[in-house]
There are 2 protein chains.
Amino acid sequence: MPREQQPATRPARRRSYDQFCAGARALDAVGDRWTLLIVRELLAGPRRYTDLHADLPGVSTDVLASRLKDMEQGGLATRRRLPPPAAAVYELTERGHGLLPVLAALAEWGAPALAERRPTDAVRAHWFALPLLRALDGPGGPAGDGVLDVQLEEGEFHVRTGVREPGSAVYGDGPADRADARIVLDAELCLALGRGEATLTEAVRDGRVEVSGEGPLAAGLRGE
Amino acid sequence: MPREQQPATRPARRRSYDQFCAGARALDAVGDRWTLLIVRELLAGPRRYTDLHADLPGVSTDVLASRLKDMEQGGLATRRRLPPPAAAVYELTERGHGLLPVLAALAEWGAPALAERRPTDAVRAHWFALPLLRALDGPGGPAGDGVLDVQLEEGEFHVRTGVREPGSAVYGDGPADRADARIVLDAELCLALGRGEATLTEAVRDGRVEVSGEGPLAAGLRGE
DNA sequence: CGGCATCCGTGACGATACTG
DNA sequence: CAGTATCGTCACGGATGCCG
């Protein structure tokens, strides 16, 4: 019997840096390959295993399963069983949701690397939500709070502006159930907004963003 | 001839996520094991290979050398040759220095994990610089600009407050050449300050921080 | 002696196949 | 659909050796 039976907990903790440093501790938890990208996906709301696998091209099934278990054990995510017709979904805990600033900082730093778009690059529409949120919730953000549908050539997603309740998704793939406004623009502009090279009100004035909707959010986007 | 001859540039770029996403691009550059911790070390100023190896217990020599080359090639760091008595040093480029917000976000998220101090944990004094800087430069930061020497039981380091010129170290190991003020406190308080659970002025008033120095920075720390 | 390069054992990773 | 099993490959960690 060479292999001890492993208890309910995962057998061996992942390799730790063993440093009394907050940054090193954070990397112990989320520094493994794919982990932060899984968090990015889950920031869009609850996702099924298959959804995650589809939106993370290149990750192998066992690594994805292993990371999800690690994240469960680490308190980053939970697995929730849905009534039988539907499958189980993974969703971030409040602690996992707290990684949004980390991803935002990484995305801001990595933004210049998006200058070139390699032919091998995968794209998903909701990957543009983070830069757009930066433009919406950041300084000079013109909009009131609400849910905004965003239509790109690459697809559609929605963002929830002005939200600070942890645990609730700040953006999501596809259209929202009830959107307060809707904009149509292209990805390039979306990135420029995130880099702060343009403001949303400017872009609306220049006609590079089409705004539709009736409520205060749409009005705010149109510049009052 | 199965293997192509490899040119002067590094043979194969590290495995990329191949995603058109700023966060994924950032992780392509700094997502490898040890890379962000090397950045953390270099944020303290130019360091020699041996210094880095000493302050990063567990990293193997070849991985450290490989990461430093990757960082050179990626534009994060440069290697500068010093006149013969001294050895070469590595220092961050402006781009590399731009990772400070990423490390700050990671450190803030990882701060709760410092509640327990494991016996296997390595400690270096300057690892406490980031939380302290958060207390100094953040809102309610009482201090004027200047260089502050900090004495912990674990060692001594210094921080440069109110600096936003990229490329200049914001903190460093050991005492500064010319410090405008000096404080003595313990690591626990340092972490509490970083978590925002206490303010520096409070702690000074309670006698948990000893302040010495004459200039405006010291006066500011003492509460005018 | 500092700054790596080389070698080697182990474990993590990626692709595919397979199962409840 | 949601993973587990298997396997080849590569990255990592540790030790040692070379070279200025």
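Note that these values count all heavy atoms, side chains included, but never hydrogens, waters or copies made by symmetry.
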Practice item. May I have the distance from B:Asp32 (atom CG) to D:dA11 (atom C1'), rounded to whole angstrom? Key: 9 Å
Review point. Can you tell me how far C1' of C:dG3 sits from CZ of B:Arg47, to the nearest Å?
Key: 17 Å
Practice item. Would you tell me if any nitrogen or oxygen in the side chain of B:Arg33 comes within less than 4.0 Å of OP1 or OP2 on D:dG13? Key: yes
Point to revise | Contact check, side chains of B:Tyr90 and B:Arg80, non-hydrogen atoms, under 4.5 Å | key: no
Point to revise | Donor on one side chain, acceptor on other, B:His126 and B:Glu41, under 3.5 Å | key: yes
Review point. Sequence neighbours excluded, which residues qualify as ring-ring contact (aromatic ring centres under 6.0 Å, His included) partners of A:Tyr17?
Key: B:Trp34
Can you list, pair by pair, the side-chain donor-acceptor contacts under 3.5 Å of residues 53-65 of chain A, counting residues two or more places apart and other chains?
{"residue": "A:His53", "atom": "NE2", "partner": "A:Val59", "partner atom": "O", "Å": "3.3"}
{"residue": "A:Asp55", "atom": "OD1", "partner": "A:Arg124", "partner atom": "NE", "Å": "2.7"}
{"residue": "A:Asp55", "atom": "OD2", "partner": "A:Arg47", "partner atom": "NH2", "Å": "2.9"}
{"residue": "A:Ser60", "atom": "OG", "partner": "A:Asp62", "partner atom": "OD1", "Å": "2.7"}

Point to revise | d(CZ, B:Arg15; P, D:dA11) in whole Å | key: 6 Å
**Study point:** Global bending angle along the helix from C:dC1-D:dG20 to C:dG20-D:dC1, which compares the axes of five pairs at either end, to 10 degrees
**Key:** 30°
**Study point:** B/S/- contact track for nucleotides 15-20 of chain D, protein heavy atom under 4.0 Å
**Key:** B-----
Check your understanding: Whole Å only: how far is the CG atom of B:Asp51 from the C1' atom of C:dG3?
Key -> 12 Å
Check your understanding: Does B:Arg79 make a side-chain N or O approach to OP1 or OP2 of C:dC4 shorter than 4.0 Å?
Key -> yes
Review point. Between atom CZ in B:Arg81 and atom P in C:dG2, what is the gap in whole Å?
Key: 16 Å
Check your understanding: Is any side-chain N or O of A:Lys69 closer than 4.0 Å to OP1 or OP2 of D:dT4?
Key -> yes
Practice item. Round to the nearest Å and state the distance from A:Leu37 atom CG to C:dC13 atom P. Key: 13 Å
Check your understanding: Under 3.5 Å, is there a donor-acceptor pair linking the side chains of B:Thr161 and B:Asp137?
Key -> no
Review point. A:Tyr17 OH to D:dG13 C1': how many Å, rounded?
Key: 13 Å
Check your understanding: Over how many whole Å does the gap from A:Asp70 atom CG to D:dG3 atom P extend?
Key -> 14 Å
Review point. Are A:Val170 and A:His97 close enough, and set up right, to give a side-chain contact (heavy atoms from CB on, under 4.5 Å), and what steps lead you there?
Key: CA-CA 9 Å; A:Val170 286; A:His97 201 266; 4.1 Å; yes
Check your understanding: Are A:Trp34 and C:dG14 close enough that a side-chain N or O sits under 4.0 Å from OP1 or OP2?
Key -> yes
**Study point:** Exercise: do A:Gln19 and B:Arg118 side chains pair donor with acceptor under 3.5 Å
**Key:** no
**Study point:** Set of residues satisfying side-chain contact (heavy atoms from CB on, under 4.5 Å) with respect to A:Val123, sequence neighbours excluded
**Key:** A:Arg117, A:Phe128, A:Glu154, B:Phe20
Check your understanding: Counting side-chain heavy atoms from C-beta on, which of C:dG2, D:dC1, D:dG3 comes nearest to A:Thr50?
Key -> D:dC1
Exercise for review: Would you please confirm or rule out a distance under 4.0 Å between OP1 or OP2 of D:dG3 and any side-chain N or O of A:Tyr90?
Suggested key: yes
Check your understanding: Looking at residues at least two apart in the chain, or sitting in another chain, which of them share a ring-ring contact (aromatic ring centres under 6.0 Å, His included) with B:Trp109?
Key -> none
